[in-house]
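Here, residue 1 is the first one in the sequence, and each next residue gets the next number.
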Amino acid sequence: MLTHSLRGEVVRETPDRSYVGAVDGLRRAGYEFGMSLADLRLTGCDGHPVALRSVAAEKGAVLHFVDRSCDRCVRDLAEWSEAASLSKLPLIVIACNEASPLKGIDGFAGDCESLFTILAPAMADGPRAVPLTVVVNPEGVITGLIPSVKRLLAPAS
């Protein structure tokens, strides 16, 4: 299995400890490589329902799932905002288990069009564990996993 950077290139071909942990996190979330999220029901910041397939349709996307009650999720949002500027793929932040659509999240510098919510009734289709960051192709199929924003922002060695 491979991980992908936000720039789209392969980061690692052989699993290391953080990658193995991230794959475990993917499984804990109830997702697997090759699984389609195309029908995941999102709500835009304007309150309108959106299917993931329309968000990722052009070239795919990096999906970063968070929950505002998760301290780590909120703490890392500023770094994810920075990482988005490096990306060839759009970074989509998805706030899970919300009661209403969000116009913004503290720490996330992205625009409203990059922020979606999974409202509480639709959480049956959402991840069971966050934070979680996956790469989906234009069809909405999980093709990659990003274990940590810190690894993306670290200087190349």
Side-chain angles (χ1 to χ4, degrees), residues 2-9 22-153:
L2 308 173
T3 59
H4 298 271
S5 76
L6 286 175
R7 294 181 187 105
E9 69 267 9
V23 171
D24 288 344
L26 182 68
R27 290 187 181 124
R28 277 194 308 279
Y31 293 165
E32 295 283 341
F33 282 98
M35 180 179 184
S36 175
L37 299 181
D39 294 323
L40 188 63
R41 294 168 291 168
L42 307 175
T43 301
C45 62
D46 59 2
H48 290 96
V50 179
L52 175 67
R53 73 167 40 97
S54 65
V55 174
E58 190 175 311
K59 56 184 174 181
V62 175
L63 308 179
H64 182 57
F65 294 92
V66 299
D67 187 316
R68 290 187 304 155
S69 66
C70 163
D71 290 337
R72 178 177 162 209
C73 295
V74 174
R75 189 176 55 244
D76 288 349
L77 277 174
E79 290 176 300
W80 278 106
S81 295
E82 180 183 345
S85 67
L86 304 173
S87 181
K88 288 182 179 178
L89 297 175
L91 173 66
I92 304 298
V93 172
I94 302 172
C96 299
N97 209 24
E98 293 290 333
S100 61
L102 299 176
K103 300 256 186 235
I105 298 179
D106 289 343
F108 179 60
D111 58 18
C112 184
E113 289 75 33
S114 300
L115 177 63
F116 293 86
T117 55
I118 299 179
L119 300 179
M123 271 309 290
D125 297 328
R128 294 190 297 262
V130 292
L132 175 69
T133 308
V134 298
V135 177
V136 294
N137 67 15
E139 290 78 39
V141 174
I142 297 174
T143 59
L145 175 64
I146 300 176
S148 164
V149 69
K150 291 178 184 0
R151 287 181 57 198
L152 291 173
L153 296 175

Considering the options Leu145, Val66, Ile94, which one meets the side-chain contact (heavy atoms from CB on, under 4.5 Å) requirement together with Leu132?
Leu145
Walk me through it: do Leu42 and Ile118 pass the test side chain to side chain contact (heavy atoms under 4.5 Å, CB included)?
CA-CA 5 Å; Leu42 307 175; Ile118 299 179; 3.8 Å; yes
Separation between CG of Leu91 and OG1 of Thr133, rounded to the nearest 0.5 Å
8.0 Å
Rounded at 0.5 Å granularity, tell me how far CG in Asn97 sits from SG in Cys70.
12.5 Å
Looking at [X] and [Y], what are the two nearest heavy atoms and their distance?
| X | Y | value |
| --- | --- | --- |
| Leu102 | Cys45 | O-CB, 3.2 Å |
| Leu37 | Leu52 | O-CD2, 3.1 Å |
| Glu139 | Ala38 | O-CB, 3.3 Å |
| Leu89 | Lys59 | CD2-O, 3.2 Å |
| Arg68 | Val74 | O-CG2, 3.6 Å |
| Pro90 | Gly60 | CD-O, 3.4 Å |

Side chain to side chain contact (heavy atoms under 4.5 Å, CB included) between Phe33 and Val134, intermediate numbers included
CA-CA 9 Å; Phe33 282 98; Val134 298; over 6 Å; no
If you apply the rule side chain to side chain contact (heavy atoms under 4.5 Å, CB included), what do you find for Asp39 with Arg53, and how did you get there?
CA-CA 7 Å; Asp39 294 323; Arg53 73 167 40 97; 2.7 Å; yes
By side chain to side chain donor-acceptor pair (under 3.5 Å) - contacts of Ser69 (at least two apart):
Asp67
Residues in side-chain contact (heavy atoms from CB on, under 4.5 Å) with Ser54, at least two apart?
Val50
When you compare the side chain of Trp80 with that of Val93, does any pair of heavy atoms fall below 4.5 Å?
no
If we only count heavy atoms from C-beta on, is the Ile146 to His64 side-chain gap below 4.5 Å?
no
Identify each donor-acceptor pair in which a side-chain atom of residues 107-117 lies under 3.5 Å from a protein atom, sequence neighbours left out, and give them as a table.
| from | atom 1 | to | atom 2 | distance (Å) |
| --- | --- | --- | --- | --- |
| Asp111 | OD1 | Glu113 | N | 3.4 |
| Asp111 | OD1 | Ser114 | N | 3.2 |
| Asp111 | OD1 | Ser114 | OG | 2.9 |
| Thr117 | OG1 | Thr43 | O | 3.4 |

